[in-house]
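The basis for the numbers below is simple: all heavy atoms, side chains too, and nothing from hydrogens, waters or symmetry mates.
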Amino acid sequence: MGSSSFFLWLLLVFSAISSNVLTVYAFKGTYGVNYGRIADNLPSQGSVVTLLKAAKIKNTRIYDADHEVLKAFKGSGIEIIIGLGNEYLKEMSVGEDRAMDWIKENVQPFLPGTKIVGIAVGNEILGGGDHELWEVLLPSVKNVYGALGRLGLTKVVEVSSPHSEAVFTNSFPPSACVFKDDVLVYMKPLLQFFSKIGSPFYINAYPFLAYKSDPEHIDINYALFKSNPGILDSKTNLHYDNMFEAQVDAAYAALEKAGFPKMEVIVSETGWASRGDADEAGASLENARTYNRNLRKRLAKKKGTPYRPKFVARAYIFALFNENLKPGPTSERNFGLFKADGSIAYDIGFTGLKDSSGASSLIPFEVIGGSSCTLLLTTCITLQLLISAF
């Protein structure tokens, strides 16, 4: 390569780097966990960091921008997507300056020590009951992204917005999935903007909810990744042996029909309840263990889906803890991989910070918090390993 060609190449590279079209990829792994906190009995934020590191979970999502959480994650290396709550959207939609103030207060001061890699603007807005929020979602997203651009953070922080299955008219078979007509009016311009800035499509996909709604016609083994005949999508001639992949491919089919065949789908929430009310079919400890264990194995393969084999499947599990203050049916309070005391809710290969039997435990979470707690808990783990070695 001649010197003039080399410098031209460098110029093109730096031009691409400086372009606002290029954004960060917020989810570099395949397995993440949602850290919900609607509870009054959870361990300290520092203990949560220790728990995540012990479980080797490098990606997490929270539903707000709690400063104590963001401080605790500093230096942990764990990548975190924060939430800009639905209650802020009307305010954010008015102008970029308000979004700028929010980012200066809740994002910028914590970078780069805390690895904030994304902002989820709203949660399950389109398809929901508040149509006023449908109107303000896109302006809010644009203002947040514009403010990040003014602060030089679009290469650091991704902007997204998670959706529920309520945005679809139908999702079976996967190839038949389309967005609802009233949703598409708002969804298409949102997708156009996300396509422009390089953001993926986030969907909350729950085989548990699908099975609970129709247990007579859905094979529980199909929902749990267990051996089953599966289904054949006659239009694509693709076979599905689990509902998770079918739900992801349904989203891909809807995106393609809306004109976005190259947009990646990431599952922002999925999980299975370990307890439920009498009318909540499938909610059990064994089913939760089976679903989450098999899902973890599936994601570890780093493979695509039948319809999009080149897009590696990625998902955030719901949730890290059982949340005892969540409203709604019993299942809502029992999605946790871990109990509030740090022990595992059921065994899928993780080790909790406290023996689940209660026979032997590490330092109680309530004794001390923050970095000191993290250090002491780590020390205790090391000591226990040394003792067991002898």
Where the side chain of Arg314 meets the backbone of Val267, is there a donor-acceptor pair that is under 3.5 Å apart? no
Verdict with supporting geometry, Leu89 and Leu84, side-chain contact (heavy atoms from CB on, under 4.5 Å): CA-CA 8 Å; Leu89 295 192; Leu84 197 163; 4.1 Å; yes
Restricting to non-hydrogen atoms, name the atom on Ala210 and the atom on Met243 that form the minimum distance, rounded to 0.1 Å. CB-SD, 3.6 Å
Indicate yes or no for a side-chain donor-acceptor contact from Thr114 to the backbone of Leu111 under 3.5 Å, with no hydrogens or angles considered. no
Check this for me: Lys58, atom NZ, are more than 12 non-hydrogen atoms of other residues, nucleotides or ligands nearer than 6.0 Å? no
Is the number of heavy atoms from other residues, nucleotides or ligands under 6.0 Å of Lys257 NZ greater than 12? yes
Any chance you could measure Leu325, atom CG, to Glu332, atom CD, to the nearest 0.5 Å? 13.0 Å
Tell me, with the steps shown, if Glu124 and Asn86 meet side-chain contact (heavy atoms from CB on, under 4.5 Å). CA-CA 9 Å; Glu124 298 189 341; Asn86 297 357; over 6 Å; no
Verify side-chain hydrogen bond (donor to acceptor under 3.5 Å, both in side chains) between Ser44 and Ser47, making sure each step is shown before the conclusion. CA-CA 5 Å; Ser44 71; Ser47 301; 2.8 Å; yes
Please determine whether the number of non-hydrogen atoms from other residues, nucleotides or ligands lying under 6.0 Å from atom CG of Asp40 exceeds 12. yes
With a 3.5 Å distance limit and no angle check, can you tell me whether Asn294 reaches the backbone of Thr290 through a side-chain donor-acceptor pair? yes
Which heavy atom of His163 sits nearest to which heavy atom of Leu126, and what is that distance? CE1-CD1, 4.2 Å
Contact summary for Ile103 and Ala147, nearest pair of heavy atoms: CD1-CB, 3.6 Å
Linking I/L/V/M/F/W/Y whenever any side-chain heavy atoms sit under 4.5 Å apart, do Tyr222 and Leu238 land together? yes
Heavy-atom nearest pair, Ser161 first then Phe194, reads N-CZ, 3.8 Å
Lys28 bridged to Glu79 by N-O distance under 4.0 Å: yes
Check against side-chain contact (heavy atoms from CB on, under 4.5 Å), Ile348 and Phe350: CA-CA 6 Å; Ile348 64 168; Phe350 291 134; 3.8 Å; yes
Answer with yes or no whether the side chains of Asp241 and Asn228 bring together a donor and an acceptor at under 3.5 Å. no
Closer than 4.0 angstrom, basic N to acidic O: yes or no for Asp97 and Lys104? no
Would you say the side-chain atoms of Asn143 and Ser140 include a donor-acceptor pair closer than 3.5 Å? no
What closest approach, in Å, do Trp134 and Ile125 show between heavy atoms, and which atom pair accounts for it? NE1-O, 3.1 Å
Separation between CD1 of Ile116 and CD1 of Ile119, rounded to the nearest 0.5 Å: 7.5 Å
Salt bridge (charged side-chain N to carboxylate O under 4.0 Å, His left out) partners for Arg308, two or more places apart: Glu256
Trace of the salt bridge (Lys or Arg N to Asp or Glu O under 4.0 Å) decision for Glu323 with Arg333: CA-CA 5 Å; Glu323 298 173 74; Arg333 295 176 287 282; over 6 Å; no
Calculate, to the nearest 0.5 Å, the distance between atoms CG and NZ belonging to Asn41 and Lys339 respectively. 12.0 Å
Taking Ile38 as the starting point, is it possible to reach Leu320 by hopping between hydrophobic residues whose side chains are less than 4.5 Å apart? no
Is a donor on one side and an acceptor on the other found under 3.5 Å between the side chain of Ser199 and the backbone of Ser195? no
With the side chain counted from C-beta on, respond yes when Pro173 and Lys235 share a heavy-atom pair under 4.5 Å apart, and no when they do not. no
With a 6.0 Å cut-off on the ring centroids, do Phe179 and Phe168 count as close? yes
Enclosure of Lys226 NZ (heavy-atom neighbours >12, cutoff 6.0 Å): no
Whether over 12 other heavy atoms sit under 6.0 Å from Glu87 CD: yes
Would you list the atom pairs, donor with acceptor, under 3.5 Å between side chains in residues 182-193 and any protein atom, with sequence neighbours excluded?
from   : atom 1 : to     : atom 2 : distance (Å)
Tyr186 : OH     : Glu135 : OE2    : 2.8

Using side-chain heavy atoms (C-beta onward) and a distance below 4.5 Å, is Phe311 in contact with Tyr252? yes
With a 4.5 Å limit on heavy-atom distance, are the side chains of Leu209 and Lys212 in contact? yes
Atom of Ser227, atom of Asn221 and distance for their closest heavy-atom approach: O-CB, 3.5 Å
Are side-chain N/O atoms of Ser331 and Glu280 paired as donor and acceptor at under 3.5 Å? yes
Under 3.5 Å: donor-acceptor pair, side chain of Thr30, backbone of Leu299: yes
So, do Ile203 and Glu165 sit near enough that their side-chain heavy atoms are less than 4.5 Å apart? yes
How long is the span from the CG atom in Asn242 to the CG atom in Asp219, to the nearest 0.5 Å? 12.0 Å
Applying side-chain hydrogen bond (donor to acceptor under 3.5 Å, both in side chains) as the test, list every pair that has at least one member in residues 268-279; sequence neighbours left out. Tyr63-Glu269, Asn204-Ser268, Tyr206-Glu269, Thr270-Tyr291, Asp277-Thr330
Could you check whether Asp233 and His239, counting side-chain N and O atoms only, form a donor-acceptor pair closer than 3.5 Å? no
Residues Asn59, Val33; criterion side-chain contact (heavy atoms from CB on, under 4.5 Å); working and verdict: CA-CA 7 Å; Asn59 301 279; Val33 177; over 6 Å; no
Distance check, rounded to the nearest 0.5 Å: Asn170 atom CG versus Lys180 atom NZ? 10.5 Å
For Asn34 and Arg61, test the side chains for any donor-to-acceptor distance below 3.5 angstrom and give the result as yes or no. yes
Tell me if the aromatic rings of Phe318 and Phe335 count as close, with their centers under 6.0 Å from one another. yes
Flag, side chain of Ser171 to backbone of Cys177, donor-acceptor distance under 3.5 Å: no
Within this structure, what is the CD1-CG distance for the pair Ile82 and Asn106, rounded to the nearest 0.5 Å? 6.5 Å
Should the pair Tyr35 and Phe321 be assigned to parallel (<30°), tilted (30 to 60°) or perpendicular (>60°) ring geometry? perpendicular
Would Leu285 end up clustered with Phe338 when hydrophobic side chains under 4.5 Å apart are linked, directly or stepwise? yes
Pair Glu96 + Arg150: basic N to acidic O under 4.0 Å: yes
Do we see a donor-acceptor contact under 3.5 Å between the side chains of Tyr240 and Asp249? yes
Going by an N to O cut-off under 4.0 Å, is there a salt bridge joining Asp66 and Arg37? yes
Under 3.5 Å, is there a donor on one side chain and an acceptor on the other for Asn292 and Tyr346? yes
Would you please indicate if the ring centroids of Phe27 and Tyr316 are separated by under 6.0 Å? yes
